[in-house]
Structure formats: C-alpha cells, structure tokens
Amino acid sequence: MEPPPPPPTGIPREAWEGCSVLLDINDGDRLAFSRLTPAATVKIGNRTCSLKPLVGRPFGTLFRVGADGLVPCTTADAPSRDDSMQDGVDGQVQDETRDNRSLVDNNTAQNLSSDDIETMKRDGATGDEIVEALIANSSTFGKKTVFSQEKYKLKKQKKYAPKVLLRRPSTRSICETYFKKSPSRIGFMRVDTLSLLLSMANIGAYSDVLVVDMVGGLIAGAVAERLGGTGYVCSTYLGSAPSSIDIIRMYNLSSDTVSRIVQVPLSDLCSMESSENTPSVLNGAAEREVVEPEDAQASLAQAVDVAVSDEKAQLSTEQPTDMEVSEPSLEVQDANSSLDCRGGDGSFASKSKPGKRPSPEKMKYWKEHGFSSVIVAAPDHEVESLVADLLPLLSYSAPFAIYHQHLEPLAKCMHTLQVSKRAIGLQLSEPWLREYQVLPSRTHPHMQMNAFGGYILSGTRIQNEQSSHQ
Amino acid sequence: MMVPLDPADKLTSQRRIAEGDTVVVYERHDSMRAVAVRAGGVLQNRFGVFRHDDWIGRPFGSKVFGTGGGGGRDGGGKGGGKAGGGFVHLLAPTPELWTLVLSHRTQILYIADISLVVAYLELVPGCVVLESGTGSGSLTTSLARAVAPHGRVHTFDFHEQRAASAREDFERNGLSSLITVSVRDIQGEGFPDAHRAAADAVFLDLPQPWLAIPSVGLMLKQDGILCSFSPCIEQVQRACEAMRSCFTDIRTFEILLRTYEVRDGALNSGAANKEATVGSLPQKRRKFTAPGENADTAQKNSSVMVRPCSTARGHTGYLTFARLRVSDSQTES
C-alpha cells in the first residue's frame, strides 16, 4: 500500500502499512523500532502480539493487551501516570502525614500468590482488575504514603496491564532511542548535540549539505528530514566503500527526499576532474549498493549484539531499558529485496534508493557554487586533515559543525584553523542536558543523568586572501 | 536572504553582495553587527572607516579593509591597503548570527535552547507553528527556517511596539511571507479560533503559561507538540499541572553549553629556560616561538592545550515539552 499523500503540513499523522514506527512500551521502559508489515509482531511479557491493529491509527495512540491482541485504550481504561495523583480542590496536595517507619520489607505483605493470579488470568480478569486485586490484598498498602501508593500501583500496572504507545519516528526519538541502548552505534551523540549540529550548520530548505556520516545514517536522515524534499544531502565517505547509513530507513522519508540523499567518495569530490570515469565508477557504485543489504543485515545483527553487551556493561538504572534495533522480520525482508520491504513500503521504491551517486551535472554545480554547509560526524576518526579537505568544498561564508567524541582532535583542529585564518567564529562546545521530574511535592532533577554527549567544533568558512600566509 | 524561499535565493560562492543586502559584519568573535548595505553607506568602528561601496560586488565571507582607524594608512581604491587599515569580515546572515546581533528588546533565547526546541517540536518544512510571546524574534527566526518554504509561524505578543519592531525585523530579513505577527494577549484570550486544530506545534514563553494551556489544547493537531519555556521552577510546576488533563509525555529539561578555549604551547617544565613559558592568555594568531628556541624545537613543542572557558551561562530557563493526547473519537475505528 502506498503511503498516504503527504499532507500540506508535511507530517503524516496516522500509521500506514509498511511504515516505520517506534513502539514505546510501558512509558519508556522498552523501545522498539518496527515496520508495519502484515507479519510484524511485538513481544509483550510472554505474549506475541500482531502489529496489524496499529495500521491506520493515529500516531500517539496508546494500546493495551486485550484477549485477542493489541486494542486501543479508551478513557474507560485505567488512567495513566499523568492523571493519577489528582490534587485537592484548591490545587494543593494534602500534606502527607504517613511515613515508612513501621514498614518492613520481608515479602509477606501480599496475600495473593502467583497461582491465584494465574487463576484470575485464566478466568478472564483484565490486567487492571488484577492490579486492583493486588492492592486490595496488600496488608501494607494502606500504610504507605500517597506517593508510595502511586509508585506501587504504576509498577503493578506495568507488569499486569502493559501499554504500548505508537510513536512516529523523528530525529529526536530515533536519536534518543539509539542513545539509550546502542550509543556506540551513533558515536555517543546525544539528542541535544544532534540538535545543535543541525542549527549550527544552518540546515534548512534548499540547502546542499555535505555530510560525513559515520554514525549509521543518523545525520544524513536528520538533515534530509529538515530539508523536506528540497536541496541535497551529499554523504561523502573516505576510502572506497561507504559506511552504512541504514538508520535512514527509520525516518519514513518520502521517495523524493530519499532520492536526494546521494553518496560519493571524498576523493571524487576533491578532484572533480575524475568525472570522465563516471561509467566505471557507477558500476562500482551499483555493486556497492547490492552489497549493502548484506552489509545492512550484518550491521543490524552487530547492532543487536551491541545492544546486548551494552545492557550488561551498563549500570543498573531506575528504569531498565532494552531496545531492539530491528525486529527479526525486518532483517529477513531486507535480505530478499535489498532495501524494499515486502509489505509494500512506498518510501523505498526501488527507483529511489538512498545512496546513489550524484550526477556529473550536480557535481559540477557543487564544484562551482560550493556546499551550503558541512556536518562531520566521524567520532573515531582523525579530524584535522579531513576538515582541511572539506573546507574548500564549502561556499564562502558557509557554516560548518564538526562532532567528535574526543576533545583533543577538535582542539587541535580549532587551533590550526585559527592560525591559518580559513575560518572565523570558531567555537568549541560541549552541551549539557539535564531532565527533571516535575510532580506535586516531588519536583527534582532525575536521579540518573547522562554526563557526556560529545563535543562540537563550529565556525564559518571565509574567503582566503589571495596571498595567504600558510 | 536569511532563509531562502526559492532555490535561487540560497547562498553560494557565486553570490555577490548587492545593495540592499544585509551583511553581518564580524569584527571579533564577540563583536558583530548587522548592516544593511547601501550605496554611499559608511560603517565606522574601532577598526576604521568602511565604505559600503567597497563591499558591493564582493562575495560573502570576504575580508575587507577600512581606512584610517588601526593602521592610519590611507588605502585608496577598492578594499583599501593591505597593511595598516583595520579589517572586518562580511558574513551572510543566518538565524544563528541573527540571534547574536539582533537588538534586545526583551531577554532572548540562545542557540542551545533554540536548537533543542526546534528538534523536540519535530518541525519540518511545511509545519504550522504558533508562538507567544514574540519578544525580540530570536526564536521566531529559527522557527521560520525550520518550516520554510511552505510552512508558517504565527507569533503573538501583547506589546504593540515590540510586535511592530519584530515585524520590521522580519521584513528586513525577508521573512514576512513565513511569519505573521499579531498583537494579542494569549494568556487572557487564548489563541485565535482561526488556528483551531491547525497547528503542528505551539511554543509558549509567557509569565503564566498555565492560563494559555487549555487554548493550546484546541489549537494543536492530534499528537501535536507543546513547548513551554519558563525561568522559574514554580512556573514549570503550575504549567505541568495544567497540562496533565490533555497532554501526555510531559518532559522538562535544562540545556546549557560549556565552551572551551585553546592555546598553543607546552607547559612550563619548571627547569631553566624560563623564556619558554607561555603567557596565561590564549594566543590565537601567533605561532609560538619563544626567543632562544629554534624552529625545530618550536615544532616539537607545538602541542595544543585546551580547557573550559571560565565564564558560562548558568541558567536560561526550563523547557517543558508535551504531546496532545489522542482522543477517543480518533482511536475508535
């Protein structure tokens, strides 16, 4: 099925068959990307549910696990965390007088056994009914503070009445999901860092953006999203084989947008005279494209492994998260039909794969006019010589933004640029992001915080004087 | 053009500065200003006297020299003399540069907050965004870039004069087709009915945002996103309370930028050869060669030292994001 025609405002509001979605299970506890093919499923607890009920639903719809599978929640269903803890009439929470001085944690408070609960399930009790029964059979519940009661209820709801939120993948949610569970795949680039790169590089419609994306396609996809089907994303790579830009597939980009994501080796950009070799290079590029699906599968498999090892390596957090980078069904389909999805995914029609080589005319245009800006995300790579090669490809007065995991290479690069006077407005920044819990009488920053999201070197290219002292 | 509305508008190396263009005159990293280029126009600053006529026909990103001022030598002709006159760089305006040069009629948002807002509101070309208050138009300009060329930013401010100043700025920057400015008290009256269920995103920077939140609920499309910016935590608490009935996924953040400075040279080894000590100030331009050292030694010693800048912004405000709940009528098939 074709995706719906793009609405005038540019954002599709309902899921369609074959689209890429982000499933948010239990309020961020578990995140999974998936594609709504007929065979797609998601595992919730010990049940495997078909994702078919999601097709045609608005993004933002909450689902619960019913007898026959996923069912959209109605307001009749138990309220979510957001509206529990209603305040008193005057808007002030009653001062809590209880405390935990007499509560002993010895596992004897709950009178229902797991057998009792299984019996209830077999008798057709809903998850919410089970939660109510657990509360009623807890000898300590009444003695807890109202905050503790809420926490207890939410915990039980997550286990016995899990909810799945259908989310539209966007730059922000894709980056956050990867950062949470597979940060090494995106070079530890946090969402605020990515947002800054996009602003600092003045990404907007009609830009021809040069990109060095060694973070799986996160940058190429984010830039393409902000171009909205105009301009170009020229993803250039070092050496002879492009690095994977699979993450682009998560974005639900239109085929027009996808066709504007091109790939070309940096050596070709730097020496545009080699355009005579186009035919053989094109064959080479075609071979690379065919190779890509296997690479894609291998890199996806790698990513899942990374996710698992990350989980082991990660300190335990308040909300244990786990993420599937791709559902198994997604991988199988890729092997069969390159980047097409058997479910008829309109956004990757075979005629508009991302990563085609740009036409000679386009290369010539960029040689004469320069790129509007460049974003470099090569977090493990040497920076200084790369920037020296890239800067001449920019238009004069064009901004650049360079991301790196490490400070020293950027510092060296900044110093070199200062001395050579090829750029001004140089700034070496490290963004800091802190999230807050805001609840009545319980407002404070989150207990867990991420301490590092990468560094950015930004600046503007200037026209060198004819007799520049180097 | 600050935000191209057409492929022909975009900045390239072939573009030349023309009369009527706005250029950002870059004097130093902390000293820039926007100047409208006019035939016969003159810019005077500590680096000298600069004639606009010398700029016309040059590419953006050029270095131009002034006469008089720093060097005292009277350079003749286009561009002035090479040595002696002070110089500036002429940059093409972008929303980021505009934020740094615009006139502050109110406290403004800076790039860290702006970039997070644009990303979290999930703005792409074609979106419709509502904003209140307009303030000095710093965020508004970036919102316009994010939704160009076919999207719209409808911004509201209750202060008639500031709304007029903002409107003038947007016109001068070529953004009038993207941004509509209206005078309206959003806290008292809510957003206009004309925008009901038409906004992809709404941004609030108001003293009492909770008063406007019910109206935001009517303006947003399903799953649309609200952002409320407040300097004080009490405001955040009241705003979040008001959001709970119609909004979900409510998250509050703080974002700050730490900047680093670099300098050249090795650390003092503590032994003799005190000549090799570097000053405590960053030396950006000169290659470090201390007296008594030959060039080879200088090369070996040219390590770059980096450390955080000691001044930093401590707080701007809290950013709270939330999504409009999908209503029942939309979930039933």
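Residue numbers start from 1 in every chain, and the chains themselves are labelled A, B, ... in the order their sequence lines are given, proteins ahead of strands. Computed from a prediction, not measured in an experiment: that's the story for all the values here.
Contact of B/Ile233 with chain A is made through the side chain alone, with heavy-atom distances under 4.5 Å. There is no contact between A/Thr171 and chain B, counting heavy-atom distances below 4.5 Å. Heavy-atom distances place the backbone of B/Asp6, and not its side chain, under 4.5 Å from chain A. Contact annotation for B/Val3: neither backbone nor side-chain heavy atoms come within less than 4.5 Å of a heavy atom of chain A. With a threshold of 4.5 angstrom between heavy atoms, A/Tyr455 approaches chain B through side-chain atoms but not through N, CA, C or O. For A/Leu394, the part sitting under 4.5 Å from any heavy atom of chain B is the backbone (N, CA, C, O) and nothing else. When heavy atoms are compared at a cutoff of 4.5 Å, A/Leu196 approaches chain B by way of both its backbone and its side chain. For B/Arg323, the part lying under 4.5 angstrom from a heavy atom of chain A is the side chain only. Interface remark: A/Leu410 contributes no atoms to any contact with chain B (heavy atom separation under 4.5 Å). With a 4.5 Å cut-off on non-hydrogen atoms, B/Leu123 touches chain A through its backbone but not through its side chain. Residue A/Ile456: no heavy atom, backbone or side chain, is found under 4.5 Å from chain B.
Here the straight-line distance linking atom NE2 of A/His415 with atom CG of B/Asp264 works out to 3.5 Å at 0.5 Å rounding. Note: A/Trp432 CH2 to B/Arg258 CZ = 11.0 Å, rounded to the nearest 0.5 Å. Note that the CD1 atom of B/Ile111 and the OG atom of A/Ser458 stand 7.0 Å from one another [nearest 0.5 Å]. Considering CG of A/Asn202 and CD of B/Glu96, their distance stands at 6.0 Å, rounded to 0.5 Å. A distance of 10.0 Å separates CD of A/Gln437 from OG1 of B/Thr252, quoted to the nearest 0.5 Å. Put simply, CZ on A/Arg168 and CD on B/Glu122 are 5.0 Å apart, with the number rounded to the nearest 0.5 Å.
Contact of the B/Leu257 side chain with the A/Gln427 side chain is registered, since non-hydrogen atoms from C-beta on lie closer than 4.5 Å. Residues A/Arg226 and B/Val118 have side chains in contact (heavy-atom distance under 4.5 Å, counting atoms from C-beta outward). Side-chain contact between A/Ile462 and B/Leu91 is present, with heavy atoms from C-beta onward closer than 4.5 Å. B/Asp200 places a side-chain heavy atom less than 4.5 Å from the side chain of A/Arg13. No side-chain heavy atom of B/Gln222 sits under 4.5 Å from any side-chain heavy atom of A/Thr61. Taking 4.5 Å as the limit, some side-chain heavy atom of B/Cys127 sits within range of a side-chain heavy atom of A/Ile11.
In this structure, the side chain of A/Arg172 does not engage the main chain of B/Ala119 through any donor-acceptor pair within 3.5 Å. With hydrogens and angles ignored, the 3.5 Å screen pairs no side-chain donor or acceptor of B/Arg251 with any backbone N or O of A/Glu435. Between the B/Tyr26 side chain and the A/Gly425 main chain, a donor and an acceptor come within less than 3.5 Å of each other. Without hydrogens or angle criteria, B/Gln14 side chain to A/Glu368 main chain gives a donor-acceptor distance under 3.5 Å. Here the side chain of A/Ser397 pairs a donor or acceptor atom with the backbone of B/Ala92 at under 3.5 angstrom.
Ranked by heavy-atom pairs shorter than 4.5 Å toward chain B, the options A/Leu197, A/Thr230, A/Leu194, A/Leu433 are led by A/Leu433. The candidate from B/Leu90, B/Leu100, B/Thr94 with the greatest count of non-hydrogen atom pairs under 4.5 Å with chain A is B/Thr94. Counting heavy-atom pairs under 4.5 Å between each of A/Gly370, A/Ser199, A/Ser170, A/Pro431 and chain B puts A/Ser199 at the top.
Taking all atoms of both residues into account, the shortest heavy-atom contact from B/Lys10 to A/Tyr206 is CD-O, 3.2 Å. Summarising the geometry of B/Ser62 relative to A/Gln463, their closest heavy-atom pair is OG-OE1, 3.1 Å, with the distance given to 0.1 Å. Across A/Thr443 and B/Gln237, no two heavy atoms sit closer than the pair OG1-NE2, 2.8 Å. Taking each heavy atom of B/Ser13 and A/Ser395 in turn, the nearest pair found is OG-CA, 3.1 Å. Across A/Ala411 and B/Val306, no two heavy atoms sit closer than the pair CB-CB, 3.7 Å. Across all their heavy atoms, B/Arg145 and A/Ile203 have their closest contact at CD-O, 3.6 Å.
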Determine, step by step, whether B/Tyr260 and A/Glu430 satisfy the side-chain contact (heavy atoms from CB on, under 4.5 Å) criterion, reporting the C-alpha distance in whole Å, the side-chain angles of both residues, the deciding distance to 0.1 Å, and the verdict. CA-CA 8 Å; B/Tyr260 289 78; A/Glu430 181 193 350; 2.4 Å; yes
Apply side-chain contact (heavy atoms from CB on, under 4.5 Å) to the pair B/Val262 and A/Leu426, showing each step before the final yes or no. CA-CA 11 Å; B/Val262 299; A/Leu426 290 164; over 6 Å; no
Kindly indicate, with the supporting measurements, whether the criterion side-chain contact (heavy atoms from CB on, under 4.5 Å) is fulfilled by B/His89 and A/Thr460. CA-CA 11 Å; B/His89 284 91; A/Thr460 305; over 6 Å; no
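Just one residue in the list A/Tyr396, A/Tyr365, A/Phe371 forms a side-chain contact (heavy atoms from CB on, under 4.5 Å) with B/Thr12, and that residue is A/Tyr365.
Residue A/Lys362 places its NZ atom among more than 12 non-hydrogen atoms of other residues, nucleotides or ligands, all under 6.0 Å distant.
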